[in-house]
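Below, read A as the first sequence line, B as the second, and so on, with proteins coming before strands; counting in each chain starts at 1.
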Number of protein chains: 2
Amino acid sequence: MEDQIIYRIRSFNRFYVRQIGLLQNSVLNTGYSLTEAHILNELRHNPNVTATSINEVLQIDEGYLSRVIKKLINLSLITKKQSTEDKRKYYLNLTNKGIEEHQILDDLSSKSVREQIENLSKPQQLELVDFMTSITKLLK
Amino acid sequence: MEDQIIYRIRSFNRFYVRQIGLLQNSVLNTGYSLTEAHILNELRHNPNVTATSINEVLQIDEGYLSRVIKKLINLSLITKKQSTEDKRKYYLNLTNKGIEEHQILDDLSSKSVREQIENLSKPQQLELVDFMTSITKLLK
DNA sequence: CAAAATACTTGCTTTTAGCAAGTAAATAAA
DNA sequence: TTTATTTACTTGCTAAAAGCAAGTATTTTG
């Protein structure tokens with residue numbers, strides 16, 4: 001009974017891990033790691049934040065984050081500016097190039113999703129979204 | 001219109017990545033990597049297969065797989081036996097210890113899923129599974 | 001039989017990540 | 001108001017995870 005439910009959820013999870021894997025591959029082929037892409041995405045949606053506030057979301061090792069940020073600066077994708085009120089803090093922002101690269105990654109993700117649903121009719125697509133919304137409501 | 005659909009699917013994907021991340025953490029706390037756990041799982045469901053056939057599913061670097069298999073052998077979790085008909089091939093199997101360890105990992109995964117739905121009523125749980133089944137049917 | 005393909009291994013390197021100690025600045029406590 | 005603690009970020013060192021390319025042994029194919 002109950003175990004049937006667990007079994008089916010786990011089966012769905014395996015299926016969906018593969019689905020999401022397909023999506024992530026499209027990003028990874030761009031030469032950016034998932035972590036780098038996440039940072040660009042965070043900064044696109046929350047400009048002028050600090051490493052610490054990024055990490056409240058991403059939850060990765062501080063030291064590692066510091067290095068990845070350094071790398072993104074060297075790639076001219078982001079800038080770092082020391083706060084004048086609190087000199088411990090450094091505000092991060094995307095450069096124009098960073099915005100462009102983020103856009104490319106974002107478009108790729110959308111394209112990948114689009115390809116996965118292109119064989120569905122519009123009503124089926126809407127149905128799909130409804131199922132997803134329902135799952136989110138139940139689990140969140 | 002269409003973009004709304006893509007947006008919502010991507011939003012669900014982000015949500016579900018986090019869900020699945022929670023599940024995987026329970027495995028990672030056991031000291032096995034995800035790759036190691038996947039190999040144990042493959043061998044549990046398909047005994048007596050070769051590294052190559054495992055890799056048709058897992059799709060990782062051959063060399064790396066070879067080393068992970070060696071590690072699992074050193075941990076006495078799996079065995080490797082050369083085929084007599086084709087000496088290039090080596091059949092892999094779980095040892096009793098491997099079966100036990102796999103069971104532990106499997107139980108942990110189930111437990112983790114169980115915890116994520118424990119606050120739902122039984123009808124809600126059944127509904128959840130229905131939504132998942134519907135999504136799978138649409139996307140697979 | 002020679003050449004190509006298959007199955008797996010090994011050496012070397014890179015990427016990703018984590019830990020711990022350290023600097024500098026700000027805040028709280030004595 | 002000095003001292004201790006906390007915060008924000010950095011750096012050195014290390015380990016784990018993964019990839020690439022060359023190599024061995026065996027089998028298959030032309």
Completion exercise
Quick note, Glu62(B) side chain, CB onward, closest among dT11(D), dC8(C), dG19(D) is dC8(C)
Exercise for the section: May I have the distance from Asp86(B) (atom CG) to dA5(C) (atom P), rounded to whole angstrom? Expected result: 17 Å
Practice task
Determine: side-chain N/O of Lys71(A) to OP1/OP2 of dT14(C), distance under 4.0 Å, yes or no.
Solution key: no
Exercise for the section: Using a 4.0 Å heavy-atom cut-off across all strands, classify Glu85(A) as base, sugar-phosphate, or nothing. Expected result: sugar-phosphate
Exercise for the section: Among dC8(C), dT10(D), dA17(D), find the nucleotide with the atom closest to the side chain of Ser66(A). Expected result: dT10(D)
Problem - Student check: side-chain heavy atoms of Val57(B) and His38(B) closer than 4.5 Å - result: no
Practice task
Could you work out which one of dC20(D), dA25(C), dC13(D) sits closest to the side chain of Arg88(A)?
Solution key: dA25(C)
Problem - Under 3.5 Å: donor-acceptor pair, side chain of Lys97(B), backbone of Leu75(B) - result: yes
Problem - Smallest separation among heavy atoms of Ile20(B) and Asn13(A), with atom names - result: CD1-O, 4.0 Å
Fill in the blank from the handout: Between NZ of Lys70(B) and P of dA16(D) the distance, given in whole Å, is 16 Å
Handout entry: Among dG19(D), dA25(C), dA17(D), the one nearest Arg67(B) by side-chain distance
Key = dG19(D)
Problem - Ser33(A) side-chain N/O to dT15(C) phosphate OP1/OP2 under 4.0 Å - result: no
Practice task
Let me know the distance between NZ of Lys87(A) and P of dA26(C), rounded to the nearest Å.
Solution key: 6 Å
Problem - Nearest to side-chain heavy atoms of Asp61(B), which nucleotide of dG19(D), dT16(C), dC8(C) - result: dG19(D)
Completion exercise
Here the distance between atom P of dT6(C) and atom OH of Tyr91(B), to the nearest Å, is 16 Å
Completion exercise
Only residue of Ile54(B), Thr79(B), Thr50(B) satisfying side chain to side chain contact (heavy atoms under 4.5 Å, CB included) with Leu92(B) is Ile54(B)
Problem - Distance, rounded to the nearest Å, where Ile69(A) contributes CD1 and dT11(D) contributes C1' - result: 14 Å
Problem - Most 5' of Gln59(A) and Thr84(A) on DNA chain C, judged by nearest nucleotide - result: Gln59(A)
Handout entry: Check: Asn93(A) side chain, Leu43(A) main-chain N or O, donor-acceptor pair, under 3.5 Å
Key = no
Fill in the blank from the handout: Whole-Å distance, Tyr32(B) OH to dA16(D) C1', equals 16 Å
Practice task
Specify the separation, in whole Å, of atom NZ of Lys80(A) and atom P of dC9(D).
Solution key: 9 Å
Problem - Nearest-angstrom distance from the residue atom CG of Asn55(B) to P of dT6(C) - result: 15 Å
